[in-house]
Amino acid sequence: MERMCYSAQIRADYKRFFRQFGGVLSLRAFAKLYYERQGNPRIKIPKAVDAAFMNPESDEEREIKGLIEAFNAEQATALEQDLFKQRKRLADAERKLQVKTTKKATDDVRIATAKVEWGLGKLADLKRVELEPRDARIFPGVYVPVMIWEDGQRVVKPMRYQCRPAGKPARFDALYPGTYNARRDNLEGFWKDVFGLSHGLMVANAFYEHVNRDGEDVVLEFRPRPQQDMLVACLWSAWSAPGEPDLLSFAAISDEPPAEIAAVGHDRCIIPIKPENVDAWLRPDRANLAASYAVLEDRERPYYEHRLAA
């Protein structure tokens, strides 16, 4: 599967947006994810999502805030320990170079300097309170708030941006690394076990694509004009297996691009759902796939401006 919409920018204050839109936050699902991250730092959650719980309004939200702060403290300690180690390595190498120039000492200076710079940057990001646009940027493997239909209402749960359909083996992720996107023309093929069964929505206000410019791979940022939050059509699945942690994951649906995206060298585009079609999308009828296709066709069609991604 080709690389498409490999990254997007979610709405930073998504919590308020979903409340205005009628979505109920599943605090239990968020708390479960943050608990799991305590023992698995490879679980990636955008800083913008963490920030939504920094002013808690309930005991559950206070619990989530505590988990975030504990995790950040552990990460800061690990970074500070590594900085101490790399600064010592740098000082030792510089002393050796004052006596004799060797390849090892030269390499140690170069590597330690780079690692110190990287560590200081990560530590500053960890402690920074004010959000920046990149804090809402998501990539495959990152957890994102996704709206679904559950127990008769719109519910928001955190899901991994790379779908592993129920019933597939855990190695599915490695076998099909491009499953963060689902082609519209393959919904009844590769995605037949998900399409018409479990639909979701991600709120984003920009997306990013790899394109070829004069033989060079560059990343372009696409934003709708007028500026707006897009309700991006997604497929999702609840995966479980004996001895494995449960997984909620999703893929954004892609389609043929509008002319302005095709003109700059890319052949896919996300599908923004119209607000009036939200429930029709979130409550699909497996026996009436035509209705789901109709929602995808009756989409928002903004003009997408582009620029080189920062």
Side-chain angles (χ1 to χ4, degrees), residues 1 3-15 17-18 23 25-26 29-54 64 67-68 71-72 74-75 118 121-122 125-126 128 131-148 156-165 170 172-174 176-182 198 200-210 219-223 229-239 244-254 268 270 309-310:
M1 303 176 70
R3 297 171 77 178
M4 179 272 151
C5 191
Y6 89 104
S7 174
Q9 184 169 303
I10 59 174
R11 182 186 170 103
D13 58 342
Y14 75 90
K15 185 176 174 183
F17 177 86
F18 278 130
L25 281 177
S26 176
F30 278 91
K32 181 175 182 292
L33 178 64
Y34 280 110
Y35 266 118
E36 290 178 356
R37 188 175 68 164
Q38 296 291 90
N40 182 9
R42 290 180 298 176
I43 291 176
K44 304 299 181 184
I45 305 173
K47 190 179 183 74
V49 176
D50 289 352
F53 298 102
M54 289 301 99
I64 293 171
L67 290 169
I68 294 170
F71 179 81
N72 287 346
E74 290 176 4
Q75 294 297 298
W118 179 86
K122 294 292 287 185
D125 266 349
L126 197 60
R128 176 170 47 81
L131 290 180
E132 298 181 359
R134 59 192 172 93
D135 296 325
R137 182 102 175 253
I138 64 158
F139 297 87
V142 169
Y143 280 77
V144 182
V146 175
M147 180 183 285
I148 64 174
V156 180
K157 293 186 173 184
M159 298 189 183
R160 190 189 70 178
Y161 181 36
Q162 183 189 5
C163 191
R164 184 195 302 166
F172 184 87
D173 298 348
Y176 300 98
T179 52
Y180 47 85
N181 283 284
S198 49
L201 291 170
M202 169 181 66
V203 180
N205 48 39
F207 62 96
Y208 302 81
E209 308 286 8
H210 284 269
V219 177
L220 297 183
E221 176 189 271
F222 292 92
R223 286 188 178 271
D229 293 309
M230 297 177 290
L231 299 168
V232 180
C234 303
L235 302 177
W236 70 277
S237 189
W239 183 93
E244 299 278 354
D246 293 343
L247 174 69
L248 295 177
S249 59
F250 78 103
I253 298 177
S254 68
R268 308 300 298 168
I270 58 173

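- When all heavy atoms of A31 and L67 are compared, the pair lying nearest together is O-CD1, 3.9 Å.
- Here the CD1-OH distance, from I43 to Y35, works out to 14.0 Å after rounding to the nearest 0.5 Å.
- Residues forming a salt bridge (charged side-chain N to carboxylate O under 4.0 Å, His left out) with K32 (at least two apart in sequence, or on another chain): E36.
- Taken to the nearest 0.5 Å, the SG atom of C234 stands 11.5 Å off from the CE atom of M147.
- Annotation: side chain of I68 is in contact with side chain of M54 (closest heavy-atom distance under 4.5 Å).
- With sequence neighbours excluded, the residues that form a salt bridge (charged side-chain N to carboxylate O under 4.0 Å, His left out) with D229 are R11.
- Separation of atoms SG (C163) and CG (N181) is listed at 11.0 Å; rounding is to 0.5 Å.
- Residues Q162 and S249 come closest through the heavy atom pair O-CB, 3.1 Å.
- Contact of the I148 side chain with the S198 side chain is not registered, since no non-hydrogen atoms from C-beta on lie closer than 4.5 Å.
- A 4.5 Å side-chain heavy-atom check between F250 and V144 finds at least one atom pair inside the cut-off.
- Applying the side-chain hydrogen bond (donor to acceptor under 3.5 Å, both in side chains) criterion to D135, with sequence neighbours excluded, gives R128.
- The number of heavy-atom neighbours closer than 6.0 Å to NZ of K47, taken from other residues, nucleotides and ligands shown, is above 12.
- Using a 4.5 Å cut-off on side-chain heavy atoms (C-beta onward), V146 and L201 make no contact.
- Y208 and Q9 form a side-chain donor-acceptor contact under 3.5 Å, judged by distance and modelled atom types alone.
- Remark: D173 engages R160, R164 in a salt bridge (charged side-chain N to carboxylate O under 4.0 Å, His left out) (not counting sequence neighbours).
- The structure places CD of E132 at 6.5 Å from CG of D125, a figure rounded to the nearest 0.5 Å.
- Taking the ring-ring contact (aromatic ring centres under 6.0 Å, His included) definition, one finds that F53 meets it with F30, sequence neighbours left out.
- T179 contributes atom OG1, which lies 11.0 Å from atom CG of L235 (distance to the nearest 0.5 angstrom).
- Contacts of Y34 classified as side-chain hydrogen bond (donor to acceptor under 3.5 Å, both in side chains), with partners at least two apart in sequence or in another chain: D50.
- P165 places a side-chain heavy atom less than 4.5 Å from the side chain of F172.
- Note that the CD1 atom of I45 and the CD1 atom of I138 stand 13.0 Å from one another [nearest 0.5 Å].
- Residues I270 and M230 meet the side-chain proximity criterion, which asks for heavy atoms closer than 4.5 Å.
- Contact between L248 and A238 at its shortest, heavy atoms only, is CD2-CB, 3.7 Å.
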